[in-house]
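Heads up: numbering here begins at 1 and tracks the sequence. As the structure is a computational prediction, the values presented were derived from the model and not from experiment.
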Amino acid sequence: MPAVDSPGSAPNTAPAFQDGKAPDALRTIGEVAKALGLKQHVLRYWEEQFPMLRPLTRAGGRRYYRPEDVALVARIDQLLHREGYTIRGALQALSGKGGAKPAVAPAPVSEPATSAGTMPAEDEIISALRVLRRHLETIRGGLAAALED
């Protein structure tokens, strides 16, 4: 099973695959999606939105991701799902057009949120919100797929 970098790792680091292939081997869309915890349709959508993401395409439309493509997908995932950028903001950040800001800044916590009367660490709150966001995106993706059928 492929190992994925921890959430606190460097944002430009691609996931480490443990599948017996060479580190510079081409990866299928399924392998990349599984390693990053994403759906394949999300990767295909990102290919439309991010012109710099262009995996190799072979006969029958099969996509093969080079190591630099995998690193770019990991960076896009970092920007969108962990740092809160919009697609437009992530595109600007990746293309080097400065001034890109996250879509949503975390709101300051004004009330103690734990039973001990201490405020949880901001990182814990952000982490919990990211998990919730992924769950909601999964539900949205399932609903969209059901509507397409």
First locate atom CZ of Phe50, then atom CD1 of Ile76, and finally report the distance between them rounded to the nearest 0.5 Å. 4.5 Å
Residues which pass side-chain hydrogen bond (donor to acceptor under 3.5 Å, both in side chains) with Arg133, listed by chain and number, not counting sequence neighbours: Glu137
What residue among Leu72, Leu43, Thr28 forms side chain to side chain contact (heavy atoms under 4.5 Å, CB included) with Tyr65? Leu43
Side-chain heavy atoms of Tyr45 within contact of Ile87, under 4.5 Å: yes
If you compare all heavy atoms of Pro55 against all heavy atoms of Glu47, which two are closest, and at what distance to 0.1 Å? CG-OE2, 3.5 Å
Compare all side-chain heavy atoms of Asp69 with those of Val32 and state whether any distance is below 4.5 angstrom. no
Verdict with supporting geometry, Leu80 and Thr86, side chain to side chain contact (heavy atoms under 4.5 Å, CB included): CA-CA 6 Å; Leu80 295 177; Thr86 61; 5.9 Å; no
Closest contact, heavy atoms only, Leu79 versus Ala93: CD1-CB, 4.2 Å
Residue pair Gln49 / Arg88, side-chain heavy-atom distance below 4.5 Å: no
Using links of under 4.5 Å between side-chain heavy atoms of ILVMFWY residues, direct or through other members, which residues join Leu56 in one cluster? Leu26, Tyr64
Side-chain contact test, heavy atoms from C-beta onward, threshold under 4.5 Å: evaluate it for Met52 versus Leu91 and give yes or no. yes
Arg63 vs Arg58, test: side chain to side chain contact (heavy atoms under 4.5 Å, CB included). Steps then yes/no. CA-CA 6 Å; Arg63 291 166 170 80; Arg58 303 289 177 166; over 6 Å; no
Working to the nearest 0.5 Å, report the span between CD1 of Ile29 and NZ of Lys34. 15.0 Å
Residues Pro67 and Pro23: closest non-hydrogen pair is CG-O, 3.8 Å
Counting only N and O atoms by type, is there a donor-acceptor contact under 3.5 Å from the side chain of Arg66 to the main-chain atoms of Arg54? yes
In terms of side-chain geometry, is the basic nitrogen of Glu68 or Arg75 positioned less than 4.0 Å from the acidic oxygen of its partner? no
Hey, is the main chain of Val70 close enough, under 3.5 Å, to the side chain of Arg27 for a donor-acceptor pair? no
If you count every heavy atom of other residues, nucleotides or ligands that lies below 6.0 Å from Arg62 atom CZ, does the total exceed 12? no
Lys21 meets the side-chain hydrogen bond (donor to acceptor under 3.5 Å, both in side chains) criterion, sequence neighbours left out, with Glu31
